[in-house]
Structure formats: C-alpha cells, structure tokens
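See structure below.
Residue numbering restarts at 1 for every chain, and letters A, B, ... go by the order of the sequence lines. Heavy atoms only: backbone and side chains are in, while hydrogens, waters and symmetry mates are out.
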Amino acid sequence: MDQWVAAAGFVAVAIIVPVSMLVGAKLLAVTAKSSSKLKTMTYECGEEPEGGAWLQFHPRYYLVALIFVLFDIEAVFLFPWALAIEELGGLAIVDMLIFVLVLLLGWGYALRKGALKWQ
Amino acid sequence: MTESLIFFALAAFILLGAVRVVASRDLVHAVLWLAVVLVLTAVMFLMLGAPFLAGVQLLLYTGGVITLMLFGVMLTRRHHEIGVEVDSSRRLPGALGALALFGAMACAIFRTDLPAWPSSAPVSALEIGRAFLTDHLIAFEVLSILLLAAMIGAIVLGRQSDFGDEPETVYRKGGRP
Amino acid sequence: MTRDEAQQRFVALLQERFGVEEIPDDNYPLIDAKHHFELARVLREEFGYRIYSFVVASHYLEKVDAKNDNAVIDIEHYEVATGIRCVGAPAHLASWRVRVELDQSIPTLFPLFAGADWQEREQYDLVGVRFDEHPDLRRLMMPEDWEGHPLRKDYAIETACPPWR
Amino acid sequence: MTPLMHGFVWGLVIATVLVTIAVLSIWFERKFSARMQSRLGPTLVGPAGILQLVADALKMMQKEDLIPEKADSILFRLAPPFTVLFTLSVAAVIPFSENVLAADLDIGVLFMLAVGGLVVFPVWIAGWSSNNKYALLGAMRAVAQGIAYEIPLVLSAMVPVVLAQSMRFSDIISVQAETHWFVIWPLGPGLIAFVIFFICSLAEANRIPFDIPEAESELVAGVTTEYAGMRFGLLQMAEYLHTLIASAVAAAIFFGGWDGPFAPGLHWMVLKTLALFFTIFWIRWSLVRFRSDQLMALCWKYLLPLSLLLVMVAALFVHYCGVGA
Amino acid sequence: MHSVTGVDPHLDIETYDPSADLMVLNLGPQHPSTHGVFRVKLYLDGEIIIKAVPYAGYLHRGVEKLCEELTFVQIIPIVDKNDYVSPMMNEQAIAMACEAMLGIEVPPRALYLRTIFAELQRLASHLLWLGTFGMDLGGALGGGATLFMYCFRERETILGLFEEVTGCRFHYNTHAVGGNRHDITPKFSCDTKTTLEVIEKRLEEYVQIFSSNRIYRARTQGIGVLDGDLANSLGITGPLARASGVDHDLRRDAPYHIYGELDVKVFTESAGDCFARTLVRLNEMYESIRIVREIIDSVPEGPILGMKPGKSPGHIKIDASQGYSCIESPRGELGTYIIGGGKSRGASAYRLKIRSPSLHAASCIPYLFPGHTVSDAVAILGTLDPIMGEVDR
Amino acid sequence: MAVDESQRTYEHPLYQHVERMPGVSVALGSIDQLLTWGSANSLWIFPMATSCCGIEFMAAAASGVDLDRMGSIPRGTPRQCDVMVVAGTITVKMAPRVKKLWEQMPEPKWCVAMGSCAISGDFYRDIYSVIPGIDTFVPVDVYVPGCPPNPEALMHGLLLLQEKIRMVREGTLTREEVRPESPPNLNRPAIGRLQDPERDPLTDEEQTDSAAGLGFGDNLNLAQIRRPRPEPELRPQVDAEPRPQVDAEPRPQVDAELRPQVDAEPQPEVDADEESAP
Amino acid sequence: MTMQTLLLLTSALFCMGIYGVLTRRNAIALLLSVELMINAVTINLVAFSRFGDGVTGQVFAVFTIALTVAEVVVGLAIVILLFRWRREIAIDSANELRH
C-alpha cells in the first residue's frame, strides 16, 4: 500500500506542474485594450462556420469503438492470466487459447463485414 | 483517521458526480461526470484492497464505457438539440421513489448488525488469475462466448443502422436511395 | 494531317454546312448564334475536337459616326468567341465568333464540354453575357452581390466598393 | 521519510527533469530537423538558440487569455492541464534506476496502460469543447486512433509481463538484467513486440506518421486549433512528454532499463530513453502521414492478431523454458 | 450529364439525405493546403466528401481590365504576376500573342533563350509543386516539410540563374514583344550545366521517395482518378491531362519557339490518379533538364530583339484583328486571346483574355473530391497544382 | 517605467497592479526586460500568403534564409500566432476575411505588410477589386517593400519588428523616430487610413460589420454595409460627362477616363472622343 | 471507513441511478444511470469480498465489469439503430418495438 501512497504523491506533483504554469500565465497575460466581436468568433479559415461543430457523426464510427471495447475486455483477462502461466502451465495456455480463439472468431466476422473500416 | 478523511472526501465527490450525472442537461457533461465517478471509484477500490480491480476499472470501465458513451452521444445528437430535458413531470415522483428506496435501504443497513470490518491484505493479480483459471474456469470460457455474441449482435445492429447504400454509391446517384 | 489542312477542313465545314460566307484573314469567322451549339457538337463528335480551350466574351458599346451627325453605326452588343481543340498533333484550334445582342443569350456548351461550366460563369461574371440553360450561372470571380460587370466598356476601372477602400 | 513524501519528492525531481528534457527536446528537435533539412534552426536566441524555448514559453505566458464565444468554456479550460496530468502520472511507476523511482507498484504495467489510456479523454474534450469543426474532426480521429492502438499497445506490453511473470517494472527489469534484454531474447516475440509497442506509442502520442488528429494540411491545427497561449503550450508539452515517457517505458520493459555494463544504471536508462526518443524524431522528419482509414486498417488487420499471437508464443516460451531462461 | 466519373457536380444536397446532418466544412480561403486563397466548401458525411463546391475569385485583381487600360509594352510586367510560380511563361505567352498578330519575326537567339528559360521555369515550377505537395501529404511539422526544404533549396539555385541574367529573383520582365531584353553570358551556360547536374542527382532521391516509400504510394495511388475524356472536356491540359492518358503536348503537337527542332518526349500515364500526376511531373523535370542540356551550348549568336525598341510605351499597335496563341506552361495550355484596339487605340488591347490552365484544373474539383476523405482532398488539390493568381487573375 | 501607452494595443493588468506598489519598480525593470525579450524573440507567423509574395515567404521559411533561426515558425491557426505577415494582394473579396483573421489573433500581435501589393495595392491599386493597402483596415507595424521582397528583406522586416517591440515596451518609440526624414503630413497615407485623423469612424465599424457578416451570403455583405453615408462612394458606372480632374495626389498612370490614354508621350492620332469600338 | 458508511454510500449511489432511470427520457442518459447503479453494486461486491477469501468477490467484480461493458455495447447499438430509424432517442417512442 505504501507504494500506492507514493504514487499518490507523484500524482500530486503531476497536478502541480500544469497548474503552476497556468497560474504563471494568468499573472502575466495581457488583455486587449479594445475588443472586437470578431475575436471570439469560431475560427474557420476566415469564414463564418455553417452550423455548429457539435453535430451528429456517422454510425460507422461506433463499430470501431465497439470492437475496441470487446478486445479491451480480453486484455483485462489476459493480465491475471499472464501472471499465472508459470504456476498453472499448459492448462492456463489452453484455457486462454480457447478464449482468444472464440474472440478472434468475432474479429474475423467484423473484418469480413467491413466493420473495421474507418472513414 | 487519515483514511476515513480521504474516504469521506471521496464519497462526497462520488455522490456529487452522481448527482451531476443524473441532472446535467448536457449529455456530454453527464458522460464526463460519470467518468469522474468511475475514476474516483477506482481510488475507492484501491482503499478496499483491490489494486488490480482499480486498474481494470480505469482501463476497461473508464476507458471503454466512457468512449462508447461519448461515441453514442456524438452519433445520436443533432445540432439543434443542445441539452436533454429532464422531464419535469417525472422529477418529483422520481425523487420520491429514489428517496423512499434509499430510506428503506438505510434503515436496513442501520438495523443490521454488521460484522466487524476485517483488515485484509490487498489481493494480487496472480490470485485473481489463479481463480479465473481454476475455480471459475467455466464462467471464464462462457464469458468469451457471451462477448462473441455481443460483438456479432452489435455489428449486425450497427450495420443495419448504416445507410442502405454506402455513401460512395449514394452521391453518385445524386439522390437518396 | 498538318495544321493548314485541318484549317482548310474547318473552313470547308463552316462554308458547306453552316453557310458561312466570309472567312476573314485576321479574325475568326462569325457564325450565327443558332448554329453555335450545333457547330460545337459536330466538331466534337465528328471531327474529334475534344479539348475545350476557351470562351471569350467581349462587350461593344454603341458605335456612332461622329462626322455624320452621330448616326448609329452599330448598336451595343456582345461577341462571344469560342475555341476548341483536337487532341494530339496537329492540335488544331477551331474557333469562331458569335454576335449576341444585349437582350439575347447564347446556348451553353455545358452538355458538350464540362469545362464550359466555369468558363461561361466567368464570362457572365465579368462581361455580363448570359448563357441559356447553364446549370449554375452564378458569379465566379466577383462577390455574389457585386453590382455591374467589370469588363464591360462602360465600367470604370476604379469603381469603388465601400467600405474596403 | 513517509511514502507520501517519498513519492512527492521523487515526483518533483522526476517531473522537473522530464519537463526540462521535454522542453529541451523541442529545441533539439528544431535543431535536428533543421539539420536534416539543410537549415540551421534557431541560432539567434541564446547560444545555438538554446534559449528559444524559454522565449517561446515567456511569450505564451503573456498571450491574451482567449476563449471562443461558442466554446464550452469550463471544459475548454480544463482539458490542457488534464492532458499533462494523465501523461505525467504515468511516470510515477517508471524506474529510472534501482533507486530513482517514485512508486514501485505491483501492477505497474497495468497502471501505466490504464492511466496512459486516459489521455484520450482530455484530448477529445479539448477538441470537442472548442466547438470548431477542425478541432472536432481532429478529436474524433484522436479518440478512434487512441482506442484502436490501445489494444495492440496493451497486448505488446503484455509480452514482457508474460516473460517476466510480473507486472512490476523493477521485476521486469531485473529478470532482463539476469538474462537478456527482452528485445534480444526470446528472439521472435521480444523484438516484434517492441516494434509493435513502439508503433503504437507513436500512434498514441500522435506522432508522424500517425499525427492524423493534428494534420496541419487538412485540419489546420487539429484539436489545438482554438487554443492560444499557455493552454496550447500545455497541450504541446503533453505531447512531447507522452513521447518521452513512452520511450522510457519501452526502454524499461524491452531494453532492460537500467541494466548495462560500466556505467551507473541511471546513465543507461537515460541513454536508452533518449536513443528511442531520438528515433522518434528521426521518423517524424522523414515520413509523411497515413490517412485515417489506412491507419485503422494497419491496426485492426495486422497489429492486433500479430500481438495476440506474440503473447501466446511468449506464454509457450515461459511454459517450456521457464522464466529467465 | 458528364457521367464519365458518375459524379454530379451540381448535386442538390437536399436530395442527398435531407435528414442527415452533413458537416459543412470550409477549406480556405486561408488554409495551409489550398496553396493560396482558394475556398472549397465540403459537405461531409463522417469524413467522406459528398459534395465539394469551390469558390474562386479571392485573388481577382482585374488583370484583364488593367490590360485593356495599359499598352502592350506595359502589360508584360503585369501578367508576370498571374502565374507567379513560373512568371516567364506569362511573359512569353503575351509576347508571342503580340508577335503573332503583328507578324514580327523573333531572332533565333531569342528563341533559344526563350526555350531555355521556359524549360528552367518548368523545372522550378515543378520543384515548387513537389515541395508543397510533400507538405500536403506530410504536414508542415513532419517529413513533408523536409521534402519542401529540399525542393526549395534546388529551386533557389534556378532562381539564382535567372537573377544572373535578369537581375531579379522573381518577376523578371525579361521578354519583350519581338524578343528578349536580357542576354545570357557564357558564364550562364556554364552555371546552368552545373546546376542541372546537381538537380538531376537530387531528383533521383525524390523519385526514390515516390517509388519506394509505401506511405507515399498508399496516399496517392488510386486517389482522385481523373478520366481522360473528362479532362479534355474540362479543358484540362498539361501534366494533369497527360497523367490521364491524353497524349497531348503543345511543345510537340503545335511547336513554337524552337521546339520544332527538338524531339520533345511526352510522358503519359494511364492511371489518372495522384500517383500518375506525380510521375508525369517528375518525368517532365528530367525531360526539361535534357532539353536545356541539349540546346544550352548551341545558342546561336545574334541579336535578341527582333524590332527596334520604341521610344514610347505605345509604340506597338495592333489593329482591330483578333487572335489567340498559346504555349505549354508547366500547368498546361496558357493562351492569350487579343482583340486589337483598332486604328485609334491600337497601342492597347480592346479585350485581352488570358486562358489560364489553372482555372480549368481547379474546375475539376467538384468531379474529383466526392467519395474521398478530407485527407485525400488535400492530396488531390496538391496534385492539381492550381496557382491562384492564374485562376483568379 | 516610461511606457508610451498610446503605442500599445494591450495592457498587463496584474503586472501593472504590482508595478504601482512602492519599491518594486527596480526589480520589475529586469523582469520587464525579460518579458520583452521573450515576446520579441518568439514571433510566430500567421502567413496570410495570397499571391507572389507568398512564394517568397515560403522561400524565407525554407533553407536559404530560414526564419526559424530567429525563432519564427509559421502556424496555421491565428490563435497561436504573434505576427500576421500579409504577403500579397488583398482583394475586396478577401479583405473581410483578413480583417476577421487578424482580429482572431490574441494580443499582443503585430502585422507586417510584405510586398507593394499589401502596402499600397501596387499597380492594382486603382482596380475595382483591390484594396489599396492593407493599412486601410489593419494596423500595420512594419512595411517590407518590394515586388516581391527578397526573403532577406522579410527577415530584415522581422528584425525591425523585434526592435519596434522593444522600443514600444520601453516607451522610446515615437512616430517621428521611425521615419525622421518625413514631415507628419507626408507620413499620412493618401486615402483614408487607420491613423488618418480625418478618417470616417463609421468606416471602421462598417469594416468590422462586414467581416462579421461573412457566411450569410457567399461573400461580403454589401446590403448590410451600405448604410447611408455622408457621400456615396460608388461612382455611377457610365460616365456621361467627363469626370472632374480632382487628383490632388499623384496617381499612377491610369487616369479616370473610360478609355484612358496612358502613353507617356502624346499620341497625335488618338482622340478621346472617338468611338471606342474598333 | 466502516462497513456501514460504505453501504450507505453505495445505496445512495444506487438510488441516484434509480432517480436517473425514473426521470430521464433520453436513452443514453438512461444508460448512464444504469452504469451508476452497476458501479454501486461493484463497490459492494469488492467490499463484501473482504469477508470471504478476498478473491472471489473481486473475480465477480471483474466479471460484472466485463458484462456491463458488453451490455453497454449492445445497448448503445440498439440506441443508435433506433436513432437512425426514428431520428430521436426519447425512450417513450421505443415502446413501438414491442409491436
């Protein structure tokens, strides 16, 4: 547990670094004497953006996220397995092989259906 | 002392996050508040002696679910809808129901004679791996089948939600299919 | 085939099928507006003039004879010159002129040459000639709401545009 | 010294050094790329232009605080510091020598991957909250790329874990010190896993040829399009820190970390890290970028099955030859 | 209509999918990859372009109007600024048009000089294109910038040659109606040969990049396929058309200068994609080097101006005749259509139209973009190589 | 510190607050110098490269001159830039965009007009579609003359700009010192420009409005900006009678007739009243 | 930190989720509330695992997380499909799925 506390100490530093930089910037930042309504307009190559940016994306994007998540689950199960190989030996490998192969079936299906295309 | 202080602070932030999750008008904000709740829960797991679970929570739960949710929001939002309305007619019954449930549960918790809080060493990932591969092997393998089913199901659903035609063919026809 | 032969063939085509009598030396032949599209089609499909080279519209003001009591010699009109070219040697350029009255328009060549889309838009923008059945006759160079056509002869070069001057 | 103080003090030291190296590396990269392009790079500010980055930082601090009117102003402000926070936190578990490390967690590799994987979110928030189309396209690309390459990254990082039968960085390094560096032995899985890990690190840190989220020629400046001043500086610094830390991790889990003859461990670790870091620059200034769908195809079609295979091969190796063979 | 590629440039976006949220993204007018002030409005579905609407005219400087106001002598430095990547080509086009209409004989030495300059300009222009194309593919902060720097290094040496002759790096004003203003020295031919040697050696490296680097090929092959028929129909000439299999080059097919005496090799590719356009331009660079090498030593002695220099800027007069003449610029057929001013105002044109290859090249954007991603759009725009000064004039 | 406030378009609020405290000005002097050094030596460029000068700008960034030597790198977005280098002709269609992009840069910011087109419009000056110099709508700090200026000239311009930044921060810059040889009235631009005291303040407002109104139509919104003005600037398109010769300042060769005669020496056979068509 | 406070926290978290489920009409917001509830359950699983061998509960927590993620995958796919059909994701309109 001590190591985790030490890690917490490190994270505290990781918070301090960006915050201190932002505070420094806050102290030194200038303000414009005269402001224009153009200044805070959204930049789009000098044009007025047509419609907001927060709009709907195409469902194709979702398929990528989906397959990511399912393989993420697999990776999570791999970690405890990876540590137990030496102890459990062949059994562990066969077990995981089945697990992986079943998931690879899904991968093959996704590949054939073109779900992994990103455009 | 320090531990309970941290615990209470954590609990307060988790509850605050949870309130924002269910009350935020902007869905993206709600999702990000859920991310806060999940990350803080990971810290809670650490305090409960489950470091591996904390890692899983961060890697899988936060990384995966939040990504999915963000994509879900981005894919189902039209730009004239900025926020999602909380149905005001349901707010009162909802709050009452939730409060009632909480009251009942709190009552039960206070009345139950809980055993003493055992102090335990953190569970290592190795032990969990051993449990997976011996005691819970069947569940482990069945899970893979379930994930396969989920993947195929979601792909089928996802592809149905696609256009009938690929866009490449649609714009060439110059009209909607 | 040399370029001279191609030119002779073009001249023959004009004289035989489109009834053009006068083929000037230092100028391109003037044909009737109703033949404009047909000539381009024949050249493209029968003679292989496939490259769309240019279209030039010019504006002519009313012409008066100062010595003869300002008698009108010629009224205000446009002239549109078109050039199309054949691929490869001798790369002969077939070009002709069409006179367009101020209130008239000229058929677009867009169905034959996709390039006519932008070229004719440009001529419309700068000179003001209108092209019939053009799919998208908007201004190309000047802002959409600009007044006047800059390359007309009655348009002063330093016409101001507030407030950017 | 209490563990908290230990972590805090080492954190201060390591973070300062890392930030300094990251800042210096920008200067170095500018000089290096200039030399590659037959230019000189910064020369006028300080000796050999070494103070150029100081001037840049001072200038960024003085820039006006500009938040676009249509942006989600809270998230817009929060995103840059969180990018640095998550990136820098990874360094907590990296051992720079036997003694120079902040926290030796028993699930160090998992911590590294989990916290490092979170960086995607502030980057996405940065792009989304700008309410700018270039930024949003960049953000969507960043998330897609980040999550896609997360999988091969995790799997390739698992190869050393399997080989050392531990997720603790110091264990992984000491197994390598006792036998061979994993990049050398076992021959197949170690080297290929390193290559995959390296490619995925490039992709996660958005470096060329995977810098699609901030493709200047298409998306102007990608997710950072609306950012000005120090916030942009933080985003930029996070990117360099990410690259640097990824190099350090690769050096630790594949190249034996502090292991090496003649010199103290710290020297070796720094040397290996900088060598990998340098390689990243080299790649950056020589290659052009992929298109996003090509990038995805590379990941899903090749890297994913290959890295799974490597994990299995490594497991067989451990099973038949034992740890530290 | 023009169903060669099946893309409808005037696609009504409402009929595409009225319910879909298409993202409308502006590329330009100020954008790193538009090579000037050009704006393309993209309708995106995800990252796929459904429709592209280009807008030109952000650099419309009224050159044609100005050419009507000034005399033929005065307009030569003005048209210099049209195609600012190869300024001498503009001068040559105007000068040749005037000469053709006046029937002025240009002395052979001047013709040789013009040919040499034209080919060097072609080389410089293609080098600049290669550099900026690298930027488009690789970004300003990556490998593309390296290619950009290399190409500019080579281009600077060619500009140095021009500076040696004309005293200018950029807008030379070296051509006149009837010949040239500046003569070359023996040192020039010597310098040219060394320069070309260096460039040829370095060109090898660039060819290597395009033939062996898989990312380059993946980004260019099969992208932005331009059909040969469509290219003709749009009036696209030059390397763009030749990459689509149109075997047409004015230097060979309608020779001017001394190209008739040279055996100009014309490179064509059949693919019509970005990669083919790259290859054609790279080959043309080699061919330009070959041509200059071939004639640099055989420049005949003699005068360089075929007519007496006039005392006033109005000394050249063209009557009411009309005429069109053209040259093969690095971007294709660069022509000039002149309607003479007649007896009274013969010193300046009544109407002068510059037929710019870039405008035609830019007009194929609505046909090429749909179906590609934004990244591809940048690559396609890069290979089209439109020069905005020439598009808008 | 003697800072000439009129030269500055921005202020340091917190910093100036500290400055007013007694006894700190000595320490602040060196900090001020440090900050000045920082902003003068890190001039990131926003390339508003429209035409020929844009190519020379690229050449300046390339290996020959290498602007990176002084720490100047081009960035694509105005948000991260300090200097806008306007390289090339700015047309009526482009000007609102330039104005908008200029305004979108955060303070402190500077503008360099590169090339004669950006400075004065060059020989396109009087053409209907060209802006006669960008200083009609953007305050220019440094003019780099040339057509186009050599890359070295641009670098010199940026070095001058560094000098100017230092002088403005120190408060030692006055307008006369920049061009000591020119009397104040010569320094004033030929037509209504930004610093011109006689400039109609309505113009600034209208320029901003038309830049803000981009995107409603395709182009600049003339309907919006053509509010009633004291005198309409749009000339009648057909000049029936000869226009009055009001050119007080020397103009380029193009004069205002419909078919102007631009020859330096008079052409005897030319008569301005003759018909204009051949 | 005692068992009691922990249980109170998780039940509060759970009730938040209930509140969200009852009040939200947006399908994604609904899923978010469900996530909150499952999160509360996971914390409980871990907490109770300390009374046993400490491992089983955590193993089940991992299973829970994995299953939840799979559930979200399918759930969101349905939501997106629904959206493509109906152009809105208010949950009342999904009743038609029954028919």
Do the side chain of D/Gln165 and the main chain of A/Ala82 share a donor and acceptor less than 3.5 angstrom apart?
yes
Crowding at CZ, D/Phe82 (>12 non-hydrogen neighbours, <6.0 Å)
no
Which atoms of [X] are under 4.5 Å from chain D, going by heavy atoms: the side chain, the backbone, both sets, or neither?
X        : value
A/Val100 : side chain
A/Ala84  : backbone
A/Leu104 : side chain

From [atom1] ([X]) to [atom2] ([Y]), nearest 0.5 Å:
X        : Y        : atom1 : atom2 : value
D/Met167 : A/Leu83  : CE    : CG    : 4.5 Å
D/Leu58  : A/Leu28  : CG    : CG    : 8.0 Å
D/Leu304 : A/Trp107 : CG    : CH2   : 6.5 Å
D/Leu316 : A/Ile93  : CG    : CD1   : 4.5 Å
A/Trp4   : D/Asp106 : CH2   : CG    : 7.0 Å

Interchain contact, D/Glu150 with chain A, by part (heavy-atom threshold 4.5 Å):
side chain
D/Thr225 versus chain A, heavy atoms under 4.5 Å apart: side chain, backbone, both or neither?
side chain
Option in [options] with maximal non-hydrogen atom pairs under 4.5 Å from chain A:
options                              : result
D/Leu85, D/Ile147, D/Leu88, D/Leu308 : D/Ile147
D/Ala238, D/Ala164, D/Ala91          : D/Ala91
D/Val162, D/Val318, D/Leu155         : D/Val162
D/Pro305, D/Ala15, D/Cys299          : D/Pro305
D/Val115, D/Ile67, D/Val84, D/Thr83  : D/Val84

Heavy-atom closest contact ([X] atom, [Y] atom, distance):
X       : Y        : value
A/Thr42 : D/Asn131 : CG2-O, 3.5 Å
A/Thr31 : D/Glu64  : CA-CG, 4.5 Å
A/Phe68 : D/Ile151 : O-CD1, 3.4 Å

Would you call the rings of A/Tyr43 and D/Tyr134 parallel, tilted or perpendicular, where under 30° means parallel and over 60° means perpendicular?
tilted
Quick one: do A/Lys26 and D/Met61 satisfy side chain to side chain contact (heavy atoms under 4.5 Å, CB included)? Show the steps, please.
CA-CA 7 Å; A/Lys26 191 84 198 161; D/Met61 285 195 170; over 6 Å; no
Could you pull out all donor-acceptor pairs under 3.5 Å where a side-chain atom in residues 9-25 of chain A meets a protein atom, sequence neighbours excluded?
| unit_1 | atom_1 | unit_2 | atom_2 | d |
| --- | --- | --- | --- | --- |
| A/Ser20 | OG | A/Ile16 | O | 3.1 |
| A/Ser20 | OG | A/Val17 | O | 2.7 |

Side-chain touch A/Phe79/D/Val109, heavy atoms, less than 4.5 angstrom
yes
If we only count heavy atoms from C-beta on, is the A/Met41 to D/Lys70 side-chain gap below 4.5 Å?
no
Derivation and outcome, side chain to side chain contact (heavy atoms under 4.5 Å, CB included), residues A/Phe71 and D/Val154:
CA-CA 10 Å; A/Phe71 276 96; D/Val154 170; over 6 Å; no
Do A/Lys39 and D/Glu69 meet the salt-bridge criterion of a basic N to acidic O distance under 4.0 Å?
no
